[in-house]
Amino acid sequence: MGHALRGIVISYHRVPVLDAASGRLWGTVSHFDMRSLRLPDNEFELLRHAAASMHRHLADA
């Protein structure tokens with residue numbers, strides 16, 4: 001059976017979005033591609049920094 005996008009989404013990278021105060025997991029910031037690609041370290045860091053800054057915007061959600 002498997003996932004509906006098996007064979008379509010080939011590369012998948014994700015980082016957690018955490019509440020800064022409690023450490024509670026809100027979700028993830030994800031990057032996916034239809035080709036097998038290595039995500040460069042600087043782009044992974046961009047995902048990580050984006051996820052780290054999101055808690056300020058989610059606090060009122």
Side-chain angles (χ1 to χ4, degrees):
M1 196 127 184
H3 192 278
L5 295 178
R6 176 173 274 180
I8 297 172
V9 172
I10 306 301
S11 296
Y12 181 73
H13 306 276
R14 67 196 175 287
V15 293
V17 176
L18 303 172
D19 179 281
S22 68
R24 180 177 149 220
L25 178 66
W26 284 86
T28 60
V29 173
S30 303
H31 172 282
F32 62 90
D33 208 303
M34 299 353 174
R35 298 178 292 150
S36 180
L37 296 173
R38 181 185 170 279
L39 188 65
D41 291 342
N42 64 328
E43 291 185 27
F44 188 80
E45 281 301 304
L46 180 63
L47 286 179
R48 204 174 65 73
H49 286 291
S53 69
M54 286 186 168
H55 70 88
R56 293 184 300 253
H57 305 289
L58 297 172
D60 296 329

Enquirer: Can you list the residues that meet the side chain to side chain donor-acceptor pair (under 3.5 Å) rule with Ser22, with sequence neighbours excluded?
Expert: Asp19

Enquirer: Under the side chain to side chain donor-acceptor pair (under 3.5 Å) test, which residues partner Ser53, sequence neighbours left out?
Expert: none

Enquirer: With sequence neighbours excluded, what pairs up with Glu45 under the salt bridge (charged side-chain N to carboxylate O under 4.0 Å, His left out) test?
Expert: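 Once residues adjacent in sequence are excluded, the partners of Glu45 under the salt bridge (charged side-chain N to carboxylate O under 4.0 Å, His left out) criterion are Arg48.
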
Enquirer: Do you know the tightest heavy-atom contact between Val29 and Val17?
Expert: CG2-CG2, 3.6 Å

Enquirer: Can you sort out the partners of Arg14 under salt bridge (charged side-chain N to carboxylate O under 4.0 Å, His left out), two or more places apart, ordered by chain and number?
Expert: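 Arg14: no salt bridge (charged side-chain N to carboxylate O under 4.0 Å, His left out) contacts found.
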
Enquirer: In the hydrophobic clustering (ILVMFWY, side-chain contacts below 4.5 Å, transitive), which residues join Leu18, or is it alone?
Expert: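 Joined to Leu18, directly or through intermediates: Leu25.
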
Enquirer: What side-chain donor-acceptor pairs closer than 3.5 Å can you find for residues 32-43, not counting sequence neighbours?
Expert:
residue	atom	partner	partner atom	Å
Asp33	OD1	Arg35	N	3.1

Enquirer: May I ask you to decide if the ring planes of Phe44 and His13 are parallel, tilted or perpendicular, using 30° and 60° as cut-offs?
Expert: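 If you compare the ring of Phe44 with that of His13, the planes turn out perpendicular.
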
